[in-house]
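Convention: sequence-line order gives letters A, B, ...; per-chain numbering from 1. This one's a predicted model, so the numbers in the text were calculated from it and none came from an experiment.
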Amino acid sequence: MALLVVENLTKDFGGLRANDGICFGVEEGELVGLIGPNGAGKTTLFHCISGHYPVTSGKIFFSGEDITGLQAHEVARRGLARTFQVYAAVGDLTVQEYVMVGAFLRTRSRARAKARAQWILGEMGLMDRAGRLLTEIPVPAQKLVTMAMAVATEPRLLLLDEVAAGLNPQEVEELKDTIRHVHKDLGITVILIEHVMALVMDISHRVIVLDAGKKIAEGLPAQIAADPLVIKAYLGERYAQTEG
Amino acid sequence: MAIEVLVASLVAGLLIGMVLALVALGLTIIFGVMDIVNFAHGEFLMVGMYTGLLVAQGAGMEPLLSLPMAALVGFVLGWLCYFLFVKFLLRGPMVAQLLGTFGLMLFLRNLALLLFGSEDRAIHHGLLVGKSLSLGMGVSVPATKLAAAVLAVSAFGAVWLLINRTKVGKALQATALNAQGARYMGIPTDRMNGLAWGIGGATVTIAGALLVNFWAVNPYVGLLFTMLAFTIVALGGFGSVPGAFLAGLVVGLITEIPGLWDSISLGLGWRWMMDVPMTSFKYTWVYLAYFVIMLARPKGLFGWKR
Amino acid sequence: MEALRNALDFSDFPHTDLLVAGILAALLVAFPLVPYSSFAMATMIQFLMFSIYGMGWNTIGGYGGQVDLGKAQYVGIGAYTTAVMLTRWEVPFWVSMPVGMGLAVGWSFIIGYPLFKLKGHYFAIATIATSLVLKDLFEVWDFVGAARGLHISPVKYPPPDFLRLIFKEDVYYYYFLLAFFFLGILVINWFRHSRLGFQLRAIRDNEDVARSLGINVHWAKIKTYALATAFVSAVGSFHAVYIKNIEPEDTMSLDISVLIALMAMLGGAGSLWGPIIGAGILIPLKSYLKEWLGAKAGLIGIDLILYAVIIMLVSAVEPRGIWGLLDRLRKTRSR
């Protein structure tokens, strides 16, 4: 049974159709990439799946259960976590405290939340930043923290939204390792939205491509890279040109 | 008899509603342009009322002619408040803004107390005082209220024209929609903010000068109108000028409900109705209406997404 | 239990802070042992009351970032419950206070549910509206004495009456309140270490992110609001037996609501000590300004003018309050 099934998902904003009849499934244990030009509707799709946006039509099944229309916190409780592109961090929480908030989903005890947070921070190489304020650490580390917060909720499925944006190649490599670690060793199924092709093509088992709200291709990374529809959508994308 | 009572209430409600709409106009403009809620708004009204009073008593001028004076005072007051104080509040969190303008409210209120003492003061002379206009059906309206309503609507219309048909007004709108974008286009945000406060101040002081013709002024009169203005702005949607007008009318009508209730209960002779002390609850209905309407339409009747 | 350990855990404060807190606590306990004027004692009692009000507000307003300007209604519920139960049925304070809290908390759940569907300024105004509606209600409700209010006559209950908390000397009130004060600090300390406290801070930061972490934002806000209400109502009950004269205009006005919020904001909303610092500065300031300046003939209102100017200065210069200032100073010194 697939972990996530998206069935004919459509999302309209007034006259604008951001997602148009999208269908796909993700099996447990997969690492799936979600790519597409800007404005293709990738983040909107995430918002619909995670319950932050109500869908216009279509269904979403998680672990066999129909979660369409559930509120965001209900979805998270069922084991579907995500990161966001933008965090307007105003507050005074430290890195560790942020991760603890995630951990508090599964426990009432501060001691246990703290322990779990520290463990995750260790796994993701963030221990040295644990006591710093989120706003005070460099951007790549902030992205890792957003991942850590989501991982702390003990999800079965993790949606990563452009966590590699703005990173230099070295940082992207490190991020790759971290994602692989989270996926393999922590046993979390991952879907990631990415523009950094070097990352997403390298680690994904499978890639789904969106353009103008519709799914235009789905397959192995190599297939996708050679797919003329995809190349057309990404006209000018250097990776497709050099590798395809 | 019943129809006359109903019509009288309707008319009274609409008239006061128009003045209230003007009171709320300034608040919604200020909020539209820079996202700050002015707790001291009612105190600006009070300043307008005292200005109207002083000009009428001191200069012996016909009260309704004191409007330009009040507008000037209001504009200057708003402008100064922005540049000397509010400007610095904008950087902070909402709680600081609310409390900052609350401090301003206390400041103005107690300054008035110091300068004028706490007794009620009202205007007792003037062209229209004591005169009424008959609208047929046995309904008559005090001339002062009618004049105030007409002038209020005119002022409202003038401001609407200013905002929608002049270059300055368009600049204000631009700043309201996207301050940063407006700045890139060469529109000076600071001056726009100051202008918004100036216009906001001027409109509410005009309303005050109109109001003082039939409503006594004392240093404490501000709070009630601040709350009414807030309610109107929230109902009409923060930042919406037409919303403020309609909501003002609605609120004006709501304040007439207790009077209507009393009349109906007297007419029907039902004791239980007469025992309900509705008139003490006049403004309570406004607050309740706020609550109910906000729940049904959390963005107000016309507000944009805030 | 872990909750108790959390309540007593002050370990995340630097030692200097704890030392200062300890000294101040000792001074508070020792205060009545030195000669004091009745004015000073009254001011100290006000300080303690508003500290506790502020601490309560701080949970939803400071940590939670939801600007609630309608707490005065709960002062009223607490005060009136105690006053009514005392004057009509001679009920001891120790019963009427929990009953008052129960009523207040119950009411807070009822209006909290719809209230928290609103955000930002709409929410703030709605809190003011509900508080004013309740005040208006009390002003016409004969059962609670309408606008005249209620009067508790100490003659009927010869002091010292520990059951009903009627005393002749203020010092008894002082120590009882001080106990509440210390208890309040422990409760807030528990709160900030608790799951709810962490959730509130995440909510304040970014509600969507909080939701994605499984937090039921609406419900968390309501729960915290109820907690804040419990604090306020308890002190409201105390207010009734201390002042012995309550009326809606005094206990339930907008000024009271704003004052409560002000304590926390001035001292530092969202920090444990903030409301106490805020009250510690504002209450004596207000009292002594009134004492020295307010009484002068022809200068009525000047004390409040100064008071207003101070409020304006703090909100414009350091919106994070005194605690924020101290924090800033500390950071620059450690660089």
Interatomic spacing from OG in C:Ser212 to CG in A:Asp161 - rounded to 0.5 Å | 11.5 Å
Checked A:Gly102, A:Ala150, A:Ala72, A:Ser109 vs chain C; the most non-hydrogen pairs under 4.5 Å come from A:Ser109
Checking A:Thr146 against chain C: side chain, backbone, both or neither under 4.5 Å from a heavy atom?
-> neither
Has A:Glu162 got more than 12 heavy atoms of other residues, nucleotides or ligands less than 6.0 Å from its CD?
-> yes
Should A:Leu105 and C:Ile215 be marked as a side chain to side chain contact (heavy atoms under 4.5 Å, CB included) after you check the CA-CA gap, both sets of side-chain angles, and the distance that decides it?
-> CA-CA 7 Å; A:Leu105 177 58; C:Ile215 299 174; over 6 Å; no
Ranked by heavy-atom pairs below 4.5 Å to chain C, first place among A:Arg82, A:Glu97, A:Met149, A:His47 goes to A:Glu97
Side chain, backbone, both or neither of A:Ala111 within contact of chain C (heavy atoms, under 4.5 Å) = both
Step through the shown structure and confirm whether more than 12 heavy atoms of other residues, nucleotides or ligands are within 6.0 Å of OH on C:Tyr113.
-> no
Exceeds 12 heavy-atom contacts within 6.0 angstrom, atom NZ of A:Lys114 | no
May I ask you to decide if A:Arg110's main-chain N or O and C:His193's side chain share a donor-acceptor pair within less than 3.5 Å?
-> no
Take atom CZ in A:Arg112; do more than 12 heavy atoms of anything else shown fall under 6.0 Å from it?
-> no
Sidechain-backbone polar pair: A:Arg77 side chain, C:Gly214 backbone, donor-acceptor under 3.5 Å = yes
Is it the side chain or the backbone of A:Ala113 that comes within 4.5 Å of chain C heavy atoms, both, or neither?
-> neither
For C:Asp208 and A:Phe84, work out which heavy atoms get closest and say how close.
-> O-CZ, 3.7 Å
Any chance you could measure A:Gln71, atom CD, to C:His218, atom NE2, to the nearest 0.5 Å?
-> 9.5 Å
Turns out that what part of C:Ser194 lies under 4.5 Å from chain A's heavy atoms comes down to backbone
Can you say whether C:Asp9 sits under 4.5 Å from chain A via the side chain, the backbone, both, or neither, judging by heavy atoms?
-> side chain
When only pairs under 4.5 Å are counted, which of A:Glu74, A:His52, A:Arg108 shares the most heavy-atom pairs with chain C?
-> A:His52
